[in-house]
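Below is one structure, written out as structure tokens; comments come after it.
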Amino acid sequence: MGLVQSNHPAKVALVGAGGSGKSTLACALGHAANEHFRGNLHWFRIGAWDVRTLAAMMALRFRVRSHGRDPLREVRRFLVASGPHLVVLDNHEDDRSTAALLDGLRDTDASWVITARRSLLSGVTVFPVVPPLVTAGQSPFPRVASITRLLRWNPVALDLADALVESSVVKVGELGEWLSARGIERVRPVDHEDDLPEVGLLVERAWKELSAGARRMLGVLAHMGGDHMDVESLGVLAGAGRGAKAKAAVAELVKLRLVQEPFEARLALHATVRHALWKRTSGEAGGLIDRLHAHYVEMLERDPSRGEVEQTHLFAAMDHAQEKGDLGMILRVQKVAERVEP
């Protein structure tokens, strides 16, 4: 804590496996440091986005008008002129993009906290993060204490298991036997740090209890580019209807704790759950990703006032368009971004 509250700006990386509590720790850090930074706290979910997208996103958040100029340079001017800031870069994935961003914003009075499954960045102080209570061997969820070790103390897996047992979907002993029969104790290579067999198996078990509409909602959430999605858009994009019908499908997801609700009526997935669902629903992703981006670009073209809450969807669309080389969509996104700026 003292590192980011010192008189010298810090760059700290909270590094750990998926579900170890990195983002939660970053939230707690920001809360504790709020007074020191005089409320200048900022949270960006950066993933593997290009540095140009990251700079444009920051320019929008900081209400900096770039007017065609280099947004990274304009963001740097803002940070230099506006006192100390604490900026969290959540879910870092691309070392080159993050390095270019931080190097371009060096010599400012901003401290940086990066959450990452792994980090290959020089000039950053690394703090390893492990699940709470793992070193003490204690169980944070008494209802599933008997399978805590089987689930390797992973908080996300334990939460999912606890929801299944609490909802009377399965008894804890039966769940433990099912997990063992499915090979949870086997040693095997994984895709990356968010590919957790314990989470994947529990998502598989919960999937069996869901309606078709709730499953389609999970597919949409797994492939969205933004941080979180409004329930109305989720119902429309998933073909799950509106109003009571959509709310009933959402209630299924909430009951089994498959979704997070960072803001009222806005849903998101934990990265480990998202990866498990992405693998399960990737065959249906064909036109979904294009529809997702088009949906939010069209929404913001109609109502730019929603830019504050939907901006990560806007920049996900920009990143996707740049990756595809879709000049038409790039120009549309840039035009929308100019309209939602103050």
Side-chain angles (χ1 to χ4, degrees), residues 18-19 45 47 156-157 159-170 174-175 178-179 182 194-196 198-300 302-303 306 309-310 312-314 316-317 320:
R45 196 272 298 160
V156 177
D159 191 36
L160 292 171
D162 187 71
L164 287 167
V165 174
E166 181 186 38
S167 301
S168 299
V169 170
V170 63
E174 295 171 349
L175 182 58
W178 183 84
L179 289 168
R182 300 285 292 181
D194 279 343
D195 181 17
L196 301 183
E198 52 269 33
V199 172
L201 285 172
L202 290 165
V203 168
E204 177 186 337
R205 183 64 185 84
W207 183 268
K208 301 177 186 295
E209 307 300 318
L210 299 174
S211 66
R215 290 179 179 181
R216 290 196 299 272
M217 282 186 167
L218 287 178
V220 171
L221 290 171
H223 293 279
M224 72 172 177
D227 288 344
H228 38 71
M229 178 174 288
D230 61 293
V231 170
E232 182 177 355
S233 292
L234 179 59
V236 170
L237 288 164
R242 301 174 182 265
K245 188 175 181 181
K247 289 181 179 178
V250 168
E252 296 178 50
L253 305 180
V254 171
K255 181 180 180 181
L256 294 179
R257 302 180 210 160
L258 290 162
V259 293
Q260 300 174 332
E261 191 175 13
F263 300 99
E264 184 178 1
R266 298 190 67 87
L267 301 180
L269 299 174
H270 189 276
T272 55
V273 174
R274 184 172 187 162
H275 178 70
L277 289 166
W278 185 88
K279 293 172 67 175
R280 176 173 289 275
T281 60
S282 59
E284 307 163 10
L288 173 60
I289 295 175
D290 287 333
R291 286 196 298 114
L292 274 163
H293 296 314
H295 173 85
Y296 278 100
V297 171
E298 291 167 6
M299 173 192 290
L300 291 170
R302 293 192 307 269
D303 185 5
R306 295 189 61 156
V309 70
E310 308 292 3
T312 56
H313 289 284
L314 179 63
H320 182 65

Could you tell me the separation between the [atom1] atom of [X] and the [atom2] atom of [Y], rounded to the nearest 0.5 Å?
{"X": "Met229", "Y": "Leu292", "atom1": "CE", "atom2": "CG", "result": "5.0 Å"}
{"X": "Leu164", "Y": "Trp178", "atom1": "CG", "atom2": "CH2", "result": "9.0 Å"}
{"X": "Leu201", "Y": "Leu179", "atom1": "CG", "atom2": "CG", "result": "6.0 Å"}
{"X": "Met299", "Y": "Glu310", "atom1": "CE", "atom2": "CD", "result": "5.0 Å"}
{"X": "Arg182", "Y": "Arg205", "atom1": "CZ", "atom2": "CZ", "result": "10.5 Å"}
{"X": "Leu253", "Y": "Gln260", "atom1": "CG", "atom2": "CD", "result": "12.5 Å"}

Quiz item: Quick check: does any side chain N or O of Thr272 sit under 3.5 Å from a backbone N or O of Val199, one acting as donor and the other as acceptor?
Solution: no
Quiz item: Taking the side chain from His313 and the backbone from His228, do they hold a donor-acceptor pair closer than 3.5 Å?
Solution: yes
[X] with [Y]: basic N within carboxylate O range, under 4.0 Å:
{"X": "Arg257", "Y": "Asp162", "value": "yes"}
{"X": "Glu252", "Y": "Arg215", "value": "no"}
{"X": "Glu209", "Y": "Lys255", "value": "no"}

Please report the shortest heavy-atom distance between [X] and [Y], naming the atom on each side.
{"X": "Gly219", "Y": "Leu288", "value": "O-CD2, 3.9 Å"}
{"X": "Val273", "Y": "Leu258", "value": "CG1-O, 3.8 Å"}
{"X": "Leu202", "Y": "Ala157", "value": "CD1-O, 3.1 Å"}

Self-check item: Test salt bridge (charged side-chain N to carboxylate O under 4.0 Å, His left out) applied to Glu261 - qualifying residues, sequence neighbours left out
Solution: none
Quiz prompt | Which residues share a salt bridge (charged side-chain N to carboxylate O under 4.0 Å, His left out) with Glu298, sequence neighbours left out | solution = none
Self-check item: side-chain contact (heavy atoms from CB on, under 4.5 Å) assessment of Leu218 paired with Trp207
Solution: CA-CA 10 Å; Leu218 287 178; Trp207 183 268; 4.1 Å; yes
Quiz item: Run the side-chain contact (heavy atoms from CB on, under 4.5 Å) check on Asp230 and Val309 step by step: do they pass?
Solution: CA-CA 10 Å; Asp230 61 293; Val309 70; over 6 Å; no
Self-check item: Those residues that, when tested against Ala238, pass side chain to side chain contact (heavy atoms under 4.5 Å, CB included) (two or more places apart)
Solution: Arg216, Met217, Val220, Ala240
Practice problem: Given side-chain contact (heavy atoms from CB on, under 4.5 Å), test Asp195 with Lys279 step by step and report yes or no. | Solution: CA-CA 10 Å; Asp195 181 17; Lys279 293 172 67 175; 3.7 Å; yes
Exercise. Just do the side-chain hydrogen bond (donor to acceptor under 3.5 Å, both in side chains) check on His320 and Asp290 with the steps written out, would you?
Key: CA-CA 9 Å; His320 182 65; Asp290 287 333; 3.0 Å; yes
Exercise. For the pair Leu210 and Leu256, evaluate side-chain contact (heavy atoms from CB on, under 4.5 Å) and give the outcome as yes or no after the intermediate values.
Key: CA-CA 9 Å; Leu210 299 174; Leu256 294 179; 4.0 Å; yes
